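Structure record follows, encoded as structure tokens.
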Amino acid sequence: MSKTESPESQEKDLDHGESLLAKIALEAELADYSPVKGCMVIRPYGYAIWEMVQSTLDKMIKETGHENAYFPLFIPESFLKKEAEHVEGFAPECAVVTYGGGKELEERLVIRPTSETIINYMFSKWIQSYRDLPLLLNQWANVVRWEMRTRLFLRTTEFLWQEGHTAHITKEEAEVEALKMLEVYKTLSEEFLAIPVIDGIKTDSQRFAGAVTTYCIEGLMKDGKALQMGTSHYLGQNFAKAFDTKFQDQSGQLQYVHQTSWGVSTRLIGAIIMTHNDERGLKLPPNIAPIQIIIVPIYKEAAEKETVLKKCKELKEILKGSFRVKIDDRDQYSPGWKFNHWELKGVPIRINLGPKDIANNVVEIVRRDTNEKLKNIPQNGLLQYLLKLSTEIQENLFRQAKDFQNKNTFNVSNEKEFTEKIQNGGFLTAFWCGNNSCEENLKQKTKATIRCIPFKLPVDQNKEEGYCISCNKNSNQKVFFAKAY
RNA sequence: CGGGGCGUGGCUCAGCUUGGUAGAGCACCUGCUUUGGGAGCAGGGGGUCGCACGUUCAAAUCGUGUCGCCCCGACCA
């Protein structure tokens, strides 16, 4: 499929300027526009995907020792102002409530853009001694950020996410925590969403307002743009100082806690759409597909229908212990219509079952990752066959995405090369001196930004020293650039 | 906030230039025939043409204003 090879090729196929993302999100019934600009309704099928992501990640968050809690939507405006960098970063995009109960409020309430402040307020009440630490919490919530330009799933005014917030005795422990959760995100992305990511550290210009260090995972979408898929922050003592979050150590001294926060959002659904798709629509990785197997019965007369549906139900009984499986027994749609419908919705495996198959004790299987039709698969041993196939589809989707990422990652050694190469999208690796002005220079000229300082460079790039592509000064770090969402 | 595009049955759009009171396809309802890659025929329901004002005997169509949405840009852990 040539479509997966070149980032730009997809844009040409689009109708009336509508993005591929919007097209799939709307047509596959994942989401719809709401009456309020920038907001979206997540429809049942889209929400089911979110629930899959959510339950997968929630398990991992709990396995790493965190507990869920819930903090309120409203934050006193004064809280946000306590941490200087934080307020500067978020004030422009905050929605503020000024009226309630028919009266102007004495103190305005910010609708949370993130919850560091209110959580620190509570932490300072709950934490007294080193024995109260570490405090490891997470919440699933909605947040609001008043963005100027929005896109379904990738950037909406209100979105759903999880935000982890932890407090630790030492800097080292907090840094380990931040990195541990980044690793959890990487696992979620690569093993469940089948999206390969680059993990690394954000530059100062991209760092979370109020953090000491921001770690991130970055994916490369099929249109050649990068997408920040998750961030994990070492907050240092910045919020602790602002909110006086202190504990008494073993020697009786009062100390500020060291903190982390980390989050991923419904943006991940956008990432899935923008990574796994073809001209027929969405392709969902089996590990997070709400429906993993769709069974389409094929029949003519009533008698045939009865036999076929009976066999479908038998198969479903066999499979339902291992798969999320559904029979599409709707009479008003033809088999052909159903084939297209479930392909658009990205169901990884389809079983077509008609009289001919029943006569031969076989089924027909169509895999969504390759659109390959597998005829005459014996009903005997079908469960084992499908378990293997499902794993293969999961791995294949990841492999395809990884290949795409590899083919669209280029090393460049000077600004001219950079400027030319970035036109076609993709990741560019290049040396950078560490100065914000050089990053800004390249951004002005090309719109591309440094996505991260990677933990690891691609295997074929081990050169340790070179020259900054903007200012030519010596540099010992190579970074990933891309145009990003 | 700039630049571009668009508002007409549920959806996609035609009609507007040259005013005469609204159409197509899809979807929906009924019936019959169909069903292995988006079924066919017949019949049927549904729109004060985003909103307001103006011009006119008459406005979806012309004028002015206004609201909203989409795309590009500015903005964005």
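Predicted, not measured: the structure shown is a model, and the values here were computed from it. Throughout, a chain's letter reflects where its sequence line sits, starting with A, and its residues are numbered from 1.
- Note: CD (A:Gln444) to P (B:C75) measures 8 Å, nearest angstrom.
- Between A:Glu147 atom CD and B:A74 atom C1' the separation is 13 Å, expressed in whole Å.
- Annotation: B:C11 and B:C16 have their P atoms spaced 23 Å apart (nearest Å).
- Comparing the same atom, C1', in B:U8 and in B:U21 gives a spacing of 14 Å after rounding to whole Å.
- Taking atom CG of residue A:Leu26 and atom P of nucleotide B:C70, one finds them 11 Å apart after rounding to whole Å.
- Comparing atom distances between the A:Glu93 side chain and each of B:C75, B:C76, B:G36 picks out B:C76 as nearest.
- When rounded to the nearest whole Å, the span between CD of A:Gln332 and P of B:C26 equals 18 Å.
- A straight line from NZ of A:Lys300 to C1' of B:A39 spans 13 Å, rounded to a whole angstrom.
- Scanning atom types as modelled, one donor and one acceptor separated by under 3.5 angstrom connect the side chain of A:Asn340 and the base of B:G37.
- At a threshold of 4.0 angstrom between heavy atoms, the contacts of A:Arg267 with the nucleic acid are absent.
- Taking atom C1' on both nucleotides, B:A58 is separated from B:U48 by 16 Å, rounded to a whole Å.
- Residue-level contact check: A:Pro92 touches neither bases nor backbone, having no heavy atom under 4.0 Å from any strand.
- Looking only at distances, no side-chain donor or acceptor of A:Arg151 sits under 3.5 Å from a matching main-chain atom of A:Leu21.
- Residue A:Trp337 contributes atom CH2, which lies 14 Å from atom C1' of B:C28 at whole-angstrom precision.
- The side chain of A:Ser334 contributes no N or O atom lying less than 4.0 Å from OP1 or OP2 of B:G38.
- Taking only side-chain atoms of A:His341, from C-beta outward, the nucleotide of B:A74, B:C28, B:G38 with the closest atom is B:G38.
- Checked for salt-bridge contact, A:Glu343 and A:Arg350 meet the test: a charged N lies under 4.0 Å from a carboxylate O.
- When the side-chain contact (heavy atoms from CB on, under 4.5 Å) test is applied to A:Leu160, the partners found at least two apart in sequence or on another chain are A:Ile42, A:Tyr47, A:Trp50, A:Asn142, A:Thr266.
- When the P atom of B:C11 is taken as reference, atom CD of A:Glu27 falls 14 Å away, rounded to whole Å.
- Considering only side-chain N and O atoms, A:Lys338 lies nowhere under 4.0 angstrom from the phosphate OP1 or OP2 of B:G36.
- Look at the C1' atom in both B:A24 and B:G15: the space between them is 11 Å, to the nearest Å.
- One donor-acceptor pair, N or O on each side, does fall under 3.5 Å between the base of B:G37 and the side chain of A:Arg350.
- Note on ring orientation: taking the six-membered ring where Trp is involved, the planes of A:Trp161 and A:Phe159 are perpendicular (angle over 60°, cut-offs 30° and 60°).
- Judged purely by atom type and a 3.5 angstrom limit, A:Ser189 uses its side chain to pair as donor or acceptor with the backbone of A:Ile195.
- A:Gly354 comes within contact range of at least one nucleobase, with a heavy-atom separation under 4.0 Å.
- At whole-Å resolution of the value, CD in A:Glu304 and C1' in B:G36 are 11 Å apart.
- A donor-acceptor contact shorter than 3.5 Å is absent between the side chain of A:Asn361 and the backbone of A:Asp357.
- Here B:G36 is the nucleotide among B:C70, B:G36, B:G38 with the atom lying nearest to any side-chain atom of A:Glu364.
- Residue A:Leu382 holds its CG atom at 5.0 Å from CD1 of A:Ile365, rounded to the nearest 0.5 Å.
- Using a 4.0 Å heavy-atom criterion, one finds that A:Tyr234 contacts no nucleic acid atom at all.
- Between the base of B:G37 and the side chain of A:Lys373 there is a donor-acceptor pair shorter than 3.5 Å.
- As judged by a 4.0 angstrom heavy-atom cut-off over every strand, A:Arg330 is placed among residues making no nucleic acid contact.
- As rounded to the nearest Å, B:C26 and B:U66 have P atoms that lie 41 Å from one another.
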Q: Check the pair A:Val347, A:Gln292 against side-chain contact (heavy atoms from CB on, under 4.5 Å), reporting the backbone distance first and the verdict last.
A: CA-CA 6 Å; A:Val347 174; A:Gln292 295 168 303; over 6 Å; no

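- Only the C1' atoms considered, B:G73 is 32 Å distant from B:A52, to the nearest whole Å.
- Across all strands shown, A:Lys356 has heavy atoms under 4.0 Å from base atoms, whether or not it also approaches the sugar-phosphate.
- Base engagement by A:Trp161 is indicated by at least one non-hydrogen atom pair under 4.0 Å involving a base atom.
- Between A:Tyr215 and A:Tyr234, the distance separating the two ring centers is not shorter than 6.0 angstrom.
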Q | Bracket string, RNA chain B, 5' to 3' - pairs by Watson-Crick or G-U geometry under 3.5 Å, | interstrand | A | ((((((((.[[[[.)....(..]]]].((((((.....)))))).....[[[[[..)....]]]]])))))))....

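- A:Asp357 comes within 4.0 angstrom of a nucleotide base, judged by non-hydrogen atoms across all strands.
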